[in-house]
Amino acid sequence: MNSSPIVVLRSVSKTYRHGRDIIEVFSDISLEIHEGEFLYLTGPSGSGKTTLLSLIAALDSPNRGQILVSGVDIAHLSLTAAARYRCEQVGIVFQSYNLLPQLTALENVLLPMIPGHRFDRGRALDLLDAVGLGNRSNHRPPELSGGEQQRVAIARALANDPALVLADEPTGNLDEESAEKVMTLLLRSCRERGKTLLLATHDRNARHHGDRILELGRGSLNETRARGVLHSKRGSRTS
């Protein structure tokens, strides 16, 4: 791959303390994600998929290792710097949508623009139109279906034109038909805009559309493709 990596993990380890016990999520994992790549992150429940996304989003910090995004180590940013990083460089799509119920769809998409003083109503309306909700912009989340709420969440994730989109089981709360529509929309929205996408999913059909498939399990990160396992060594670099 000729493009430069937008995300680089170097020997990243993460543990949690539970009472007197130390729980290891993963140990000494390394990874490179290139600009414009679509990666699917798989693994059983509890394997650390959400934790890994949280680390790359600077919502959490590793115990050891570096996490470089566009050449900057974001592993131990201050709260203010981490918020600025997410505002400027990362779009996040949550499984549970995380929309504010008291705000309209339009206001939810505008919300991420406020910290950067880039309040662009026209862009927000264009994004809602792109996800098929131009005529629902004044509806609040309780007035929308699950699939519609997730489409609003996709528009919100793209609001600040981030280089990197992180999606954590974005179709996990949807029925099969809605899940397929939302997944297609997310992929198309990111592909058309040249975004880098890291998506945690259990959807076996969706994973075939990825450039690479990563699997977390037993503390290690392995890379697979449809034709087999490329890397299965603890802490190996998947690039």
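All figures in this text were calculated on a predicted structure; none of them were measured in a lab. Because only heavy atoms are used, hydrogens play no part in the values below, and waters and symmetry mates are left out as well, while side chains stay in.
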J.: How close do A75 and S61 get, counting heavy atoms only, and between which atoms?
T.: O-OG, 3.0 Å

J.: Could you go through the side chain to side chain donor-acceptor pair (under 3.5 Å) check for N63 and T15 one step at a time?
T.: CA-CA 7 Å; N63 298 90; T15 60; 3.3 Å; yes

J.: Assess whether side chain to side chain contact (heavy atoms under 4.5 Å, CB included) is satisfied between E148 and H139, documenting all intermediate values.
T.: CA-CA 10 Å; E148 288 172 332; H139 288 72; over 6 Å; no

J.: Under the 3.5 angstrom rule, does the side chain of N160 hit a backbone N or O of P162 as a donor-acceptor pair?
T.: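 Answer holds: no.
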
J.: What's the spacing between S189 OG and L127 CG if we round to 0.5 Å?
T.: 8.5 Å

J.: Quick one: does any side-chain atom of R86 pair with a main-chain N or O of A57 as donor and acceptor, under 3.5 Å?
T.: yes

J.: Examine distances only and state if a side-chain atom of S220 and a backbone atom of G217 form a donor-acceptor pair shorter than 3.5 Å.
T.: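 Yes: the side chain of S220 pairs with the backbone of G217.
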
J.: Enter the distance from S11:OG to I29:CD1 here, rounded to the nearest 0.5 Å.
T.: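 These two atoms lie 10.0 Å from each other.
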
J.: Side chains of F26 and L221, heavy atoms from C-beta outward: is any pair under 4.5 Å?
T.: no

J.: Per the side chain to side chain donor-acceptor pair (under 3.5 Å) rule, which among N173, T171, D168 passes with Q95?
T.: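 With Q95 as partner, N173, T171, D168 yield a single side chain to side chain donor-acceptor pair (under 3.5 Å), made by N173.
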
J.: Stepwise, does the side chain to side chain contact (heavy atoms under 4.5 Å, CB included) test hold for V93 with Q150?
T.: CA-CA 8 Å; V93 183; Q150 194 59 294; 3.5 Å; yes

J.: Over all heavy atoms of both residues, which pair between E143 and N138 is shortest? Give the atoms and the distance, please.
T.: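 Residues E143 and N138, closest heavy atoms: OE1-O, 4.4 Å.
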
J.: So do L100 and L111 actually touch side chain to side chain, heavy atoms under 4.5 Å?
T.: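 In contact.
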
J.: Under the side chain to side chain contact (heavy atoms under 4.5 Å, CB included) criterion, do S137 and L125 qualify, and how do the steps go?
T.: CA-CA 7 Å; S137 61; L125 287 170; 4.1 Å; yes

J.: If you define the side chain from C-beta out and look only at heavy atoms, does anything of P141 sit under 4.5 Å from Q149?
T.: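 Yes - at least one pair of side-chain heavy atoms lies under 4.5 Å apart.
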
J.: Walk me through whether V90 and Y85 qualify under side chain to side chain contact (heavy atoms under 4.5 Å, CB included).
T.: CA-CA 7 Å; V90 182; Y85 157 71; 3.4 Å; yes

J.: Would you tell me whether Y97 and N108 have side-chain atoms, one donor and one acceptor, within less than 3.5 Å of each other?
T.: no

J.: How long is the straight-line distance from CD of E169 back to OG of S96, given to the nearest 0.5 Å?
T.: 11.5 Å

J.: Kindly give the heavy-atom pair with the smallest separation between V109 and A159, and that separation in Å.
T.: O-CB, 3.5 Å

J.: With a 4.5 Å limit on heavy-atom distance, are the side chains of T42 and L214 in contact?
T.: no

J.: Tell me, do I33 and T196 make a side-chain contact under 4.5 Å, heavy atoms counted?
T.: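 With C-beta onward as the side chain, the pair touches.
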
J.: Measure the CG-CD1 distance between L198 and I6 for me, rounded to the nearest 0.5 Å.
T.: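 These two atoms lie 11.5 Å from each other.
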
J.: Under a 4.5 Å cut-off applied to non-hydrogen side-chain atoms, are L187 and R191 in contact?
T.: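 The answer is no, as the side chains (C-beta and beyond) never meet within the 4.5 Å cut-off.
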
J.: Could you tell me whether R193 and D161 have a side-chain N and a carboxylate O separated by less than 4.0 Å?
T.: no

J.: Show the nearest heavy-atom pair for residues R118 and C87, with the distance to one decimal.
T.: NH2-O, 3.5 Å

J.: Looking only at non-hydrogen atoms, find the nearest pair between Y40 and T201 and report the distance.
T.: CD2-CG2, 3.6 Å

J.: Provide the closest heavy-atom pair for R151 versus V182 in the form atom of the first, atom of the second, distance.
T.: CG-CG2, 4.3 Å

J.: Is it the case that over 12 heavy atoms from other parts of the model lie below 6.0 angstrom from the CZ atom of R121?
T.: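 No, CZ of R121 has 12 or fewer neighbouring heavy atoms, counting only those of other groups under 6.0 Å.
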
J.: Is atom CD1 of I22 surrounded by more than 12 heavy atoms (other residues, nucleotides or ligands) closer than 6.0 Å?
T.: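 Yes, the 6.0 Å shell around CD1 holds more than 12 heavy atoms from other groups.
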
J.: Under a 4.5 Å side-chain heavy-atom rule over Ile, Leu, Val, Met, Phe, Trp and Tyr, are I23 and L55 clustered together?
T.: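 No, because I23 and L55 fall into different hydrophobic clusters, even though each may have its own neighbours under 4.5 Å.
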
J.: Decide yes or no for V7 and L68: does some side-chain heavy atom of the first lie under 4.5 Å from some side-chain heavy atom of the second?
T.: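 A side-chain contact under 4.5 Å is absent here.
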
J.: Can you tell me how far apart CG (L186) and NZ (K195) are? Round to the nearest 0.5 Å.
T.: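 So the CG of L186 and the NZ of K195 are separated by 12.5 Å.
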
J.: Does I114 belong to the same Ile/Leu/Val/Met/Phe/Trp/Tyr cluster as L128, with side-chain heavy atoms less than 4.5 Å apart forming each link?
T.: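 Linked within one cluster.
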
J.: So does L39 get a backbone contact from the side chain of D211, meaning a donor-acceptor N/O pair under 3.5 Å?
T.: no

J.: Are there more than 12 heavy atoms of other residues, nucleotides or ligands under 6.0 Å from atom CD of E177?
T.: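 No, because the 6.0 Å sphere around CD of E177 holds 12 heavy atoms or fewer from other groups.
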
J.: Measure the CG-CG distance between L197 and L164 for me, rounded to the nearest 0.5 Å.
T.: 8.5 Å

J.: Within the distance-only criterion (no hydrogens, no angle test), does the side chain of S47 pair as donor or acceptor with the backbone N or O of P44 below 3.5 angstrom?
T.: yes

J.: With heavy-atom distances below 4.5 Å as the criterion, would you say the side chains of F94 and R156 are in contact?
T.: yes

J.: What I want to find out is whether R64 reaches D28 closely enough, with some N-O distance under 4.0 Å, to be called a salt bridge.
T.: no

